[in-house]
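These notes are about the structure you will find just below.
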Amino acid sequence: MPDISTRADLEVLLRHFYGRAFADPILEPAFGTLAVIGVDDHLPVMCDFWETVLFRTGTYRGSVAAVHRALHGSHGFTTAHFDRWVELWASSIEELFDGDVAQRATREAASIARAMRRRLLDPTGPQTTGVPSRFS
Ligand code: HEM
């Protein structure tokens, strides 16, 4: 299997991941609006994000933290949401790609998810994550 090496690879991965997230009983309510609107408009932002994380392009200029704080406010995320998100992301990668970048994409996602979960679900706990704050 190939490694992740281009933006087109990321798009394939993201479409695969969203297909699974939209069909997942735990994640579907949070992804519901996106599932209805469709991912086409959302994919460029997500590709920018992952290119920035994996290839340091610096093209992602949004605030992941603010977006998910708002989503948490309306959907009430739990540990189960984060566990399932990480599980689906890891298995989506495993099904399509193999290599150093693929492994990094799995690891980085788990660490960003952990930081995000701590911030949202345990705001009084220790916040040292080693992850740049704009990604969590
Ligand atoms: C509980 C788990 C998660 C759920 C249910 C979730 C759900 C969503 C949804 C519904 C959106 C679209 C929001 C909108 O455009 O209005 C979104 C955006 C996004 N998510 Fe997540 N997400 C989760 C975890 C993560 C994690 C762990 C990462 C990174 C590793 C991530 C990265 C992003 C990014 C980059 C965006 C785009 C932000 C922007 O518009 O600037 N998400 N997420």
Side-chain angles (χ1 to χ4, degrees):
M1 271 191 295
D3 201 355
I4 300 169
S5 59
T6 64
R7 188 173 173 98
D9 291 339
L10 289 170
E11 192 169 326
V12 168
L13 170 60
L14 285 158
R15 283 190 190 278
H16 185 69
F17 169 76
Y18 281 123
R20 302 192 55 192
F22 293 168
D24 183 82
I26 293 176
L27 295 178
E28 186 277 330
F31 278 107
T33 312
L34 200 58
V36 173
I37 301 169
V39 291
D40 288 0
D41 288 347
H42 188 62
L43 275 178
V45 179
M46 297 306 298
C47 286
D48 283 347
F49 176 81
W50 282 107
E51 278 189 319
T52 299
V53 171
L54 298 173
F55 307 126
R56 304 195 182 283
T57 56
T59 38
Y60 178 73
R61 298 262 164 225
S63 169
V64 193
V67 168
H68 293 84
R69 208 176 304 121
L71 286 167
H72 178 52
S74 44
H75 294 284
F77 289 160
T78 62
T79 303
H81 288 92
F82 288 100
D83 288 351
R84 182 56 60 87
W85 191 105
V86 169
E87 196 181 310
L88 284 189
W89 181 253
S91 56
S92 298
I93 291 174
E94 210 176 290
E95 282 158 25
L96 298 171
F97 297 100
D98 187 22
D100 288 352
V101 182
Q103 281 177 22
R104 266 201 300 128
T106 306
R107 273 202 316 269
E108 294 279 354
S111 112
I112 295 167
R114 194 162 49 241
M116 208 187 258
R117 190 197 66 211
R118 285 208 189 115
R119 272 174 204 222
L120 294 177
L121 305 188
D122 184 17
T124 57
Q127 300 295 326
T128 32
T129 61
V131 176
S133 59
R134 69 183 189 285
F135 292 144
S136 56

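For ligands, and for the atoms within them, numbers begin at 1 and follow the listed sequence.
- Under 4.0 angstrom from ligand 1, there are no non-hydrogen atoms of Glu108.
- Shown in contact with Tyr60 at under 4.0 Å from a heavy atom are these atoms of ligand 1, numbered in order with element: 38 (C), 39 (C), 41 (O).
- Asp48 has its side chain out of reach of Thr57: every pair of non-hydrogen atoms, C-beta onward, lies at least 4.5 Å apart.
- When heavy-atom distances to ligand 1 are checked against a 4.0 Å cut-off, Leu71 comes that close only through its side chain, counted from C-beta outward.
- Under the 4.5 Å side-chain criterion, counting only non-hydrogen atoms from C-beta, Met116 is in contact with Phe82.
- Every atom of ligand 1 with a heavy atom of Ile112 under 4.0 Å away is listed here by number and element: 29 (C), 30 (C).
- Counting heavy atoms from C-beta outward, Leu14 and Val39 have side chains that stay 4.5 Å or more apart.
- Taking each heavy atom of His72 and Phe77 in turn, the nearest pair found is ND1-N, 2.9 Å.
- Set against the non-hydrogen atoms of Val45, the atoms of ligand 1 under 4.0 Å away are 39 (C), 40 (O), 41 (O).
- For the pair Leu10 and Leu54, the minimum side-chain heavy-atom distance is below 4.5 Å.
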Quiz item: Given Arg69 and Ser63, is the side-chain hydrogen bond (donor to acceptor under 3.5 Å, both in side chains) satisfied, shown in steps?
Solution: CA-CA 10 Å; Arg69 208 176 304 121; Ser63 169; 5.7 Å; no
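- By the criterion of a heavy-atom distance under 4.0 Å, the side chain of Trp50, and not its backbone, is placed next to ligand 1.
- Relative to atom 42 (N) of ligand 1, the option among His68, Arg61, Met46 with the closest non-hydrogen atom is His68.
- Considering each of Phe82, Trp89, Phe49, the one bringing a non-hydrogen atom nearest atom 35 (C) of ligand 1 is Phe49.
- For His81, no nitrogen or oxygen atom sits less than 3.5 Å from a nitrogen or oxygen atom of ligand 1, counting backbone and side chain alike.
- Side-chain contact between Glu95 and Ser91 is present, with at least one heavy-atom pair separated by less than 4.5 Å.
- If you look at Met116 next to ligand 1, the close heavy atoms, those under 4.0 Å, all belong to the side chain.
- For ligand 1, the atoms closer than 4.0 angstrom to any heavy atom of Ala30 are 5 (C), 10 (C).
- Here the two rings, on Trp85 and Phe17, have centers that are under 6.0 Å apart.
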